[in-house]
Chemist: 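If you scroll down you'll find the structure; I have some questions about it.
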Amino acid sequence: MRKGVMRPGHVQIRVMDIEEAVIHYRDRLGLIDVGRDAQGRAYLKGWTEVDRFSVVLREADEPGMDFMGFKVVSSEVLEQRKQDLLRYGCQVEVIPAGELDGCGERVRFDSPTGHYFELYAEKEQTGKWGVSENNPEAWPEDLKGMRANRFDHCLLYGDDIDGTAELLQSVLGFQVSEQVVDREAGELCVASFLACSMKAHDVALVRYPAKGKFHHASFYLDTWGDVLRAADLISMHDIALDIGPTRHGLTHGQTIYFFDPSGNRNEVFTGGDYTYPDHPVVIWDAHQLGKAIFYHDRELNENFLNVVT
Amino acid sequence: MKFSVSLGDEGSSFHCGEQQNLLEGMQTFQVGVPLLKLIPVGCRGGGCGVCRIRILSGEFETKKMSRKHVSDQEQAEGVALACRVYPRSDLCIELLSSAENDNNHSERESL
């Protein structure tokens, strides 16, 4: 049952050199640069996103993800979910409005996999970039690089993915869309893909021995042609490629993976399945994991499975 | 200018230019020589720790590396991520496991 959590709204990513990172996310991914704050954090967004920002880059000594935020439908829902999180036993911290430029009060909570998530109800709405709200043209002409549409989801690695998946479902109303299950290890859940919308996933979790790991942040493109064009740009700019262009079995998205200059993985993808509330969970058997991850190669890739920040 | 990079006990080596990091040097094509996979290749951005090594001898420069994988003290002792190491002389190196496998740095960075 949905509980008023609408969509992934932002991700704060740690980078080791903020200027290098801004060039990557702005000029290569094609995100819109919406400015810096007093702490020196850089704010960006995909051009179709109506809120002021969705990606925050923070310079730090080690890369990774600080937190992922979801927007809820109203301040009342924010307060209700905060009470629910406290009752559930989460450590909850209220971050005052304005700590992120243009963002209202945020409710930050920890999770069994060691990731921090946030909820918020208000963010300055600046509208889609480069097109009008009235009679909008199809796209703005002066986009850069891969012309990423929007920040779409994160994939996170951690130990107790059952615990985090349960938290997201029971407290925040997420729905499991797909799972990878190891039947030979007592139905052990190896991966869990969850949606709060009708997308194939809004956040994904993969079992891993360490807590709080960041596998990738993903951005949506319009077409398979755009994924191939992204691959060309990756070569033109000598960006570290991970794998692709290819198709996933899980969610069936068409995809390519690469790394930002600090080693954080990015995905750009298009297509993929959808999730209605009455859909059964799609199950992938762990012994088919090669095909579940890379539908064409059908081979497990050591780097994709084990390289994280 | 190219330098020789040799791996401790195994007697394997490759050449690496001063503008190349060690992984780029390792992956350079040479006629008749098999592509080397001496050092594991990960994110190539100093973030994931997969290519963690110790430089036993020689001069080199480094770019910024994740403190999660190379602490200040380790860096002073020659530990580095190969994707961020640029040789300034012939080097002798050994492979290390990533820091987290050693459980040295299990604490999460606080926000």
Side-chain angles (χ1 to χ4, degrees), chain A residues 12-18 20-21 24 56 58-67 91 93 95 99 106 108 110-111 113-116 118 157-159 208-216 238-242 257-266 301-309, chain B residues 17 19-28 35 37-53 61-76 79-86 95-111:
Chain A
Q12 182 166 304
I13 300 171
R14 296 189 299 271
V15 297
M16 292 189 286
D17 182 319
I18 193 85
E20 264 184 8
H24 175 85
V56 182
R58 177 171 78 88
E59 191 167 270
D61 280 341
E62 56 187 67
M65 184 188 84
D66 278 337
F67 51 80
Q91 281 190 9
E93 182 186 1
I95 317 280
E99 196 277 336
R106 291 136 61 205
R108 181 182 293 168
D110 67 345
S111 66
T113 44
H115 299 96
Y116 289 102
E118 297 183 347
Y157 270 33
D159 51 356
Y208 187 74
K211 279 190 187 292
K213 289 295 175 182
F214 182 44
H215 187 273
H216 71 262
D238 203 18
I239 295 167
L241 175 71
D242 189 24
Y257 287 90
F258 50 98
F259 294 99
D260 80 6
S262 299
N264 296 299
R265 190 186 280 95
N266 299 149
N301 176 294
E302 182 72 20
N303 274 3
F304 191 81
L305 292 177
N306 290 314
V307 169
V308 288
T309 54
Chain B
Q19 304 298 328
Q20 290 178 307
N21 67 54
L22 296 192
L23 295 187
E24 289 169 337
M26 181 185 78
Q27 294 179 320
T28 304
L35 286 178
K37 293 181 179 170
L38 299 173
I39 309 170
V41 178
C43 74
R44 290 151 280 168
C48 74
V50 161
C51 63
R52 196 161 172 265
I53 59 169
E61 288 179 20
T62 58
K63 287 172 70 177
K64 206 167 170 183
M65 301 171 282
S66 175
R67 277 279 168 255
K68 181 168 294 222
H69 299 294
V70 184
S71 69
D72 275 320
Q73 190 189 335
E74 286 170 334
Q75 192 168 348
V79 174
L81 303 180
C83 67
R84 309 293 261 189
V85 174
Y86 297 81
L95 299 185
L96 300 174
S97 60
S98 81
E100 283 166 327
N101 296 343
D102 301 341
N103 269 331
N104 288 339
H105 308 279
S106 54
E107 292 303 305
R108 279 183 288 165
E109 170 153 316
S110 59
L111 291 179

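Lettering follows sequence order; numbering is per chain, from 1. Only a predicted model underlies this, so the values are computations on that prediction, with no experimental measurement involved. Atom set for the values below is all heavy atoms of this structure, side chains included, hydrogens, waters and symmetry mates excluded.
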Chemist: Taking the side chain as every heavy atom from C-beta outward, state whether B:K64 and A:D61 have any atom pair closer than 4.5 Å.
Modeler: yes

Chemist: Write down the atom of A:M16, the atom of B:M65, and the distance for their closest heavy-atom approach.
Modeler: SD-C, 3.4 Å

Chemist: Taking every heavy-atom pair that is under 4.5 Å apart, which of A:D17, A:V15, A:L241 has the most such pairs with chain B?
Modeler: A:L241

Chemist: Taking all heavy atoms of B:C43 and all of A:A240, pick out the closest pair and write down the distance.
Modeler: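 Minimum heavy-atom contact is O-CB, 3.6 Å.
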
Chemist: Between CG of A:D238 and CZ of B:R44, what distance do you get to the nearest 0.5 Å?
Modeler: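 A:D238 atom CG to B:R44 atom CZ measures 9.5 Å (nearest 0.5 Å).
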
Chemist: Given heavy-atom pairs under 4.5 angstrom as the criterion, report whether the side chain, backbone, both or neither of A:E20 touches chain B.
Modeler: side chain

Chemist: For the CD atom on B:Q75, are there more than 12 heavy atoms of other groups (residues, nucleotides or ligands in this structure) within a distance under 6.0 Å?
Modeler: yes

Chemist: Could you pull out the closest heavy-atom pair between B:V50 and A:V307, with the gap in Å?
Modeler: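 Between these two residues, the closest heavy atoms are CG2-CG2, 3.8 Å.
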
